[in-house]
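Presented below is the structure to which this report refers.
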Amino acid sequence: MRRDLAVLWHPCTQMKDHETLPPVPIKRGEGVWLEDFDGNRYIDAISSWWVNLFGHNNPRINAALHAQIDTLEHVILAGFTHEPVVELSQRLIDVTPPGLDRCFYADNGSSAIEIALKMSYHYWHNLGCTEKTRFITLTNSYHGETLGALAVGNVDLYKKTYAPLLMDTIDVPSPDCFYRENGETYAAYSSRMFTAMEKALEQSCEQVCAVIVEPLVQCAGNMRMYDPVYLKLLRSACDRYNVHLIADEIAVGFGRTGTLFACERAGITPDFMCLSKGLTAGYLPLSVTLTTDPIYRAFYDDYKNLKAFLHSHSYTGNPISCRAALASLDIFRAENVLENNNHLSRIMQECTTHFAEHPHIAEVRQHGMILAIEMIKNKQKREPFPWQERRGMQVYRHALQKGVILRPLGNVIYFMPPYVITPEQIRYISQVAWDGIELATGK
Ligand SMILES: *Cc1c(COP(=O)(O)O)cnc(C)c1O
């Protein structure tokens, strides 16, 4: 701990917080468990920032990686290729919505977003539509931290400081169903909110390259959720207005919302799909931007015409990372993961139904394996706890003592566990969350 604090600068952290709550040194992991050097064990209820799918130290993934390390650790992907990246691309094209036929790799989610933005713009450029330079984004959205990705995101906490550095976007109100009227369904509210998107497209489609969304759950935006109908309406509007649709499934992909990809819930194919986080089951950095054949074709020409997409990252398509992704897809194929998740998500729901009656819980919402509990100061007046009070952090501290990692988003506590969690462990983390919320809201 001391050595860490002398030399590290941790991500997304006010380092001064560590004066009172030092970082937890983790020695090893196994399944849903992480273990520190004093032998304390923690259930990783947030999948180590939404990346882990099949537990830590997974024997099947470990074996695949050992074999790959002894064969080929890395090779430049320009001018060369290798078995894991070819096989992974074939498999991804197979399992993603029909029409996504090309894979472009990077090594983190933000870069996958940058690639989608650049490709979309460049596609229109190659077609001679040089007036298309802008992007439509939803309020409360999050697409990463690099400047392009940050620009198309919309969470003030991460974005505001850097505003002078960022490209201008067209911001459309999110279909975030937290704000639906009493008695209004998710579907009704989501469709109602689409009128703003329709209007923005109608007004600006000529300057717009693409609309970018997080399908169904705005994860970093406090796990706010909406109905698949919005994606259906958006797909058809993007077609009508001649604008691309970028689906950022970096957080929701690989089964989190119930289906393998959230877009399946709406039966749509986006023009670009960005994947990372769960792609390697939480093992290694890798991301991919999938796109369609028509888009790929717009770049395919004689070199002298200068239409190629000249973008690269050093570790693009790393073989070891690709092996982790393949091993993860093997697990999806060999085991009834989605069916089993369906069962687990029902248990998550059952264990938290009574939370909705709590005087300081505004809502319990869920899409599949993502369940969020929003704390509120005054339920009747819908008045939030001031962010300065950091109620979520109090739940976090309580949960750590009880051996559960429940890193909050502001006043929102959520479960996004690895798929190897058991019903009994779900009951336990629910009880810990309840007690933590009682403590945090009791004064
Ligand atoms: C995490 C995340 C990103 C950024 O991915 P990084 O690998 O952290 O750069 C982008 N979009 C969504 C929806 C995310 O959850």
Side-chain angles (χ1 to χ4, degrees), residues 10-13 46-53 104-120 135 137-155 157-159 162 166 169 174-176 210-226 230-231 234 245-257 261-263 265 270 272-290 311 313-318 321 324-325 328 367-370 372 407-410 412 414-417:
H10 285 269
C12 203
T13 297
I46 58 156
S47 297
S48 284
W49 252 347
W50 324 340
V51 298
N52 192 289
L53 297 187
F104 194 101
Y105 290 90
D107 44 30
N108 65 82
S110 304
S111 297
I113 297 294
E114 302 283 348
I115 288 162
L117 300 174
K118 283 176 72 178
M119 269 186 187
S120 173
F135 294 92
T137 178
L138 294 176
T139 56
N140 194 47
S141 57
Y142 178 86
H143 298 292
E145 302 293 352
T146 55
L147 294 179
L150 196 60
V152 294
N154 240 312
V155 179
L157 182 62
Y158 308 123
K159 177 173 184 177
Y162 307 101
L166 304 177
T169 53
S174 164
D176 174 358
V211 178
I212 180 166
V213 295
E214 294 156 272
L216 303 187
V217 189
Q218 297 186 307
C219 291
N222 290 352
M223 297 291 169
R224 293 292 178 79
M225 301 181 182
Y226 59 92
Y230 193 88
L231 297 172
L234 183 57
L245 172 57
I246 302 172
D248 176 355
E249 294 229 15
I250 291 166
V252 294
F254 298 100
R256 292 287 183 197
T257 69
F261 299 102
C263 282
R265 297 269 306 276
F272 298 92
M273 183 185 263
C274 302
L275 302 172
S276 188
K277 293 208 165 97
L279 175 58
T280 62
Y283 262 70
L284 286 159
L286 182 70
S287 68
V288 60
T289 304
L290 287 117
H311 180 113
H313 297 284
S314 312
Y315 282 102
T316 290
N318 174 266
S321 300
S328 174
H367 267 310
M369 290 296 284
I370 307 175
R407 190 186 160 93
L409 289 158
V412 174
Y414 64 91
F415 306 153
M416 203 198 278

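Note that ligands are numbered from 1 as they come in the structure, with each ligand's atoms numbered from 1 the same way. Note that the structure is a prediction, hence the values are computed from the model and not measured.
The only member of D176, N140, T139, N154 that meets side chain to side chain donor-acceptor pair (under 3.5 Å) when paired with Q218 is N140.
Side-chain atoms of H143 and D248 form a donor-acceptor pair, as typed in the model, at a separation below 3.5 Å.
When all heavy atoms of C219 and M416 are compared, the closest pair comes out as SG-CE, 4.1 Å.
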Test log, rule side chain to side chain contact (heavy atoms under 4.5 Å, CB included), inputs F254 and K277: CA-CA 9 Å; F254 298 100; K277 293 208 165 97; over 6 Å; no
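Near ligand 1, residues W50, N108, G109, S110, Y142, H143, G144, E214, D248, I250, A251, K277 each place a heavy atom inside the 4.0 Å sphere around the ligand atoms.
Partners of F135 according to the ring pair (Phe, Tyr, Trp, His ring centres under 6.0 Å) rule, which considers only residues two or more places apart in sequence or in another chain, do not exist here.
In this structure, S110 contributes its side chain and A149 its backbone to no donor-acceptor pair below 3.5 Å.
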